[in-house]
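The block underneath contains the structure these notes are about, expressed in structure tokens.
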Amino acid sequence: MADRDSFIDEVSEELRRDRMLTAWRRWGPWVVGVVVLAVAGAGIATWLDQQDDAAARAAGARLIEAADIPDATERAEAYAARAAELDAGAAVIARLSQAAALVEAGERAAAVEVLDGLESDGAADPLYRDLAGFKAALLRAEDLDPAARADALAAYVAEGQPFRLLALEARAVARLQSGDLPGAREDVETALADPMLSPSLGQRLTQLQELLGEGEG
């Protein structure tokens, strides 16, 4: 009887893990793809809030005009044209938005090329350069197996990294998919304990924590 109960417990645990992996295979691409999409969209509004002259308003209108193009490939082309025409912050937002549109169009390699160019642009704001580098790393990591993807994110989870919490979330997903549940729990708990955690990220991490459960397995 004890052996049978132990077997049932093991089967139940495997089924629970399978459910977790199924859920995060569905959610995973959304998690790693959210960074540029969110920041590029918010960046247009933030940049506009910081400007008050007619030229800035005209540039913002051009960015918003490009954002309204329904086809992702055409939208990426429009953003590329805006990036070549606009100055400073507006051009950076256009390049980030171009990369996001390319990801949506399924052109990851082209998106990485755009992000690499922005990361190496010494004239761009350091925060946007860091964002471009992080997003490029996430896109490259999608071609790796889960364990290698977790390793590739190690540099971005260090103290002081600007996108540390998002990197911890992405690494937790990779560790979950590789079967490293203790490592995934550690990343989730570290992120949840950070005072800079945003409500939306906290909600996602809490859901992941619930999926992971407790214990050694």
Looking at every non-hydrogen atom in both residues, tell me the closest pair between [X] and [Y] and how far apart they are.
X	Y	result
Ala174	Pro146	O-CB, 3.4 Å
Ala124	Leu118	CB-CD1, 3.8 Å
Ala91	Ala83	CB-O, 3.7 Å
Val112	Ala136	CG2-O, 4.3 Å

At what distance, to the nearest 0.5 angstrom, does [atom1] of [X] lie from [atom2] of [Y]?
X	Y	atom1	atom2	value
Gln207	Leu205	CD	CG	9.5 Å
Tyr79	Glu65	OH	CD	10.5 Å
Arg204	Leu201	CZ	CG	5.0 Å
Leu197	Thr190	CG	OG1	11.5 Å
Glu119	Leu115	CD	CG	8.5 Å

Practice prompt. Run the salt-bridge test on Asp116 and Lys135 with the 4.0 Å N-O cut-off and return the result as yes or no.
Written response: no
Discussion item. Looking at Asp68 and Arg75, is any side-chain nitrogen of the basic one under 4.0 Å from a carboxylate oxygen of the acidic one?
Written reply: no
Practice prompt. Would you kindly confirm whether Val114 and Val103 end up in one hydrophobic cluster when ILVMFWY residues are joined by side chain heavy atoms under 4.5 Å apart?
Written response: no
Discussion item. Taking Leu96 as the starting point, is it possible to reach Ile69 by hopping between hydrophobic residues whose side chains are less than 4.5 Å apart?
Written reply: no
Worksheet item: Above 12 or not: heavy atoms from other molecules or residues under 6.0 Å from CD of Glu113?
Response: no
Does the side chain of [Y] come within less than 4.5 Å of [X]'s, by heavy atoms?
X	Y	answer
Arg108	Arg140	no
Arg164	Asp194	yes
Phe163	Leu138	no
Val157	Asp187	no
Gln161	Leu168	no
Tyr128	Ile93	yes
Arg185	Gln209	no
Val188	Leu212	yes

Worksheet entry | Stepwise side chain to side chain contact (heavy atoms under 4.5 Å, CB included) test for Asp145 and Arg149 | CA-CA 6 Å; Asp145 65 73; Arg149 187 161 66 249; over 6 Å; no
Practice prompt. Test Arg82 against Gln98 for side-chain hydrogen bond (donor to acceptor under 3.5 Å, both in side chains), laying out the working first.
Written response: CA-CA 9 Å; Arg82 303 301 191 271; Gln98 178 191 2; over 6 Å; no
Discussion item. Checking Leu86 against Leu63 for the side chain to side chain contact (heavy atoms under 4.5 Å, CB included) test, could you report, in this order, the C-alpha distance in whole Å, the side-chain angles of both residues, the deciding distance, and whether it holds?
Written reply: CA-CA 10 Å; Leu86 299 174; Leu63 291 172; 3.9 Å; yes
Fill in: Main-chain N/O of Ala184 paired to Arg171 side chain as donor or acceptor, under 3.5 Å
no
Worksheet item: Has the side chain of Arg175 got a donor or acceptor atom that lies under 3.5 Å from a matching backbone atom of Gly183?
Response: yes
Practice prompt. Check the angle between the aromatic planes of Tyr156 and Phe134 and answer parallel, tilted or perpendicular using the 30° and 60° thresholds.
Written response: tilted
Fill in: Pair Arg95-Asp121, side chain to side chain contact (heavy atoms under 4.5 Å, CB included): steps then yes or no
CA-CA 11 Å; Arg95 290 159 76 182; Asp121 185 351; 2.8 Å; yes
Practice prompt. Could you please spell out the steps behind the side chain to side chain contact (heavy atoms under 4.5 Å, CB included) verdict for Leu144 and Asp151?
Written response: CA-CA 10 Å; Leu144 304 175; Asp151 290 341; over 6 Å; no
